[in-house]
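Residue numbers start from 1 in every chain, and the chains themselves are labelled A, B, ... in the order their sequence lines are given, proteins ahead of strands. Note that the structure is predicted; figures quoted are calculated from it, not measured.
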Amino acid sequence: MDLKFLVVDDSVTMRRIVINSLKNLGYQNYVEAADGSEALSKLQADDSINFVITDWNMPVMSGLELTKAIRSDGVLNKIPILMVTTRGVKEDIVEALQARVNNYVIKPFTPQILKEKIETILANN
Amino acid sequence: MQKIGGNMSEVFSKLNDLKNVFKFGEKIVPIIQSLIEFMKEIVPLIESINALITESTAQMPKASNQISNVTSQTEMATTEILDMVDKITNQLSEMDAVISDYDAKQSRSNEIKAIVLKKYGNDTELMSLLKEYIELNNYQTAFEKFREILVQANNDLFQITLSLQVQDITSQQLAAVNHLIDSVNLKLTSLIKEIDQSDIREDIKVIGIEAPMGANFDPNARYDKSESRQQNVDKIVNQTKQQTSQEEIDKLFS
């Protein structure tokens, strides 16, 4: 399957780091968004996007709200979502899982962790 | 006469009361004087505190603004570093391409060598010169070493990229500090307004860093590269997922 990632983070630095990591892992196809709202618009406009990597804390629409919006959308609800965030407390992780993110990575992350989580998600889908 | 006697008695009683008041007054006057002295001293102090709070409050938006500037400047600097890292990575790729090109030419060179050997293998002088020429032009070992260095340099550059995650984390920490400054500023502003009519102690409350609803920062963000954090996350993810699937199974059978 050709993977097209949507990388969502309000930090330009983080978007570049995630994208560089994806390139390093051999994934060349990606688009990016600075917040959940922009991400949702891009998802609705581009049906070739089939993997979302999102931060949690963002202006306009958070990653958690984005996850809930995707999961409640009849067309988009099957897209795998990987949350990459600084939020490491148990309540947050459980809340994200209850919103049905597929997996959770804590910042700062390593490419190995990113690879492992992407592969696990793909294997389970 | 009896009535006059009664009135006099009442007058004396009142005079006695008055005497007691004077006696009490004699005792209380020094206290009141001390109180007045105290007030004379404390009022400028309160005014000074008030002025200090007003001044500090006026400085807070500036401090908050400076923190925002630090965030945007570090983001700019980080972008510049990332640009530079990308540029060097591209240059290393170009160097790698040059080595690959040499490798390709080397295989053609080996083919030519084989042809010459086949045709002129008996000419020992020519063979000796050819061998010397090949040795002088053989950069294979050097290029293999270069390639090792290139791979290492590429890895090191990528590590720099990964380390720049610190910028995102510190910007969230600074956003949390900014939020704290704004909260203190708000409290102090209301305190200044009410300082003359309310109990100061009631107005000063402990202000913790609590992210408001919809905040785009994590007040607990930290740059911690220890593996244990992700391991802890994985543990919670697995526990929660197992719990959820068990709940789903239970629902099916209920």
Q.
Is any side-chain heavy atom of Val94(A) closer than 4.5 Å to one of Thr240(B)?
A. yes
Q. Heavy-atom distance under 4.5 Å to chain B: side chain of Thr85(A), backbone, both or neither?
A. neither
Q.
As an exercise, state the distance from CD1 of Ile106(A) to CG of Asn232(B), rounded to the nearest 0.5 Å.
A. 8.5 Å
Q: Check whether any side-chain N or O of Gln165(B) sits under 3.5 Å from a backbone N or O of Lys107(A) as a donor-acceptor pair, and report yes or no.
A: no
Q.
I'd like to check Thr79(B) versus Arg16(A) (side-chain heavy atoms, cut-off strictly below 4.5 Å). Are they in contact?
A. yes
Q | Asp10(A): partners by side chain to side chain donor-acceptor pair (under 3.5 Å), with sequence neighbours left out | A | none
Q. Glu227(B) versus chain A, heavy atoms under 4.5 Å apart: side chain, backbone, both or neither?
A. neither
(Q) Going by the rule ring-ring contact (aromatic ring centres under 6.0 Å, His included), which residues pair with Phe51(A) if we only count those two or more places apart in sequence or in a different chain? (A) Phe5(A)
Q) Got a second to check how far Asp86(B)'s CG is from Lys23(A)'s NZ, nearest 0.5 Å? A) 6.5 Å
Q: Without swapping roles, check the side chain of Gln230(B) against the backbone of Phe109(A) for a donor-acceptor pair under 3.5 Å.
A: no
Q.
Quick test of your reading of the model: are Asp234(B) and Lys117(A) salt-bridged, counting only N-O distances below 4.0 Å?
A. yes
**Q.** Contacting moiety of Asn24(A), where chain B heavy atoms sit under 4.5 Å
**A.** side chain
Q) What part of Ser62(A) gets closer than 4.5 Å to chain B, counting heavy atoms only: side chain, backbone, both or neither? A) neither
**Q.** Segment of Arg87(A) engaging chain B (4.5 angstrom heavy-atom cut-off)
**A.** both
Q: Report, as yes or no, whether the 6.0 Å neighbourhood of atom NZ on Lys4(A) holds more than 12 heavy atoms from other residues, nucleotides or ligands.
A: yes
Q. Hey, what do you get for OG1 (Thr86(A)) to CG (Asp218(B)), rounding to the nearest 0.5 Å?
A. 3.5 Å
Q. Under a 4.5 Å heavy-atom cut-off, does chain B meet the side chain of Ile17(A), its backbone, both or neither?
A. both
Q: Identify which part of Asp83(B) has an atom lying under 4.5 Å from any heavy atom of chain A, answering side chain, backbone, both or neither.
A: both
Q: Could you tell me which portion of Val18(A) (side chain, backbone, both or neither) has an atom closer than 4.5 angstrom to a non-hydrogen atom of chain B?
A: neither
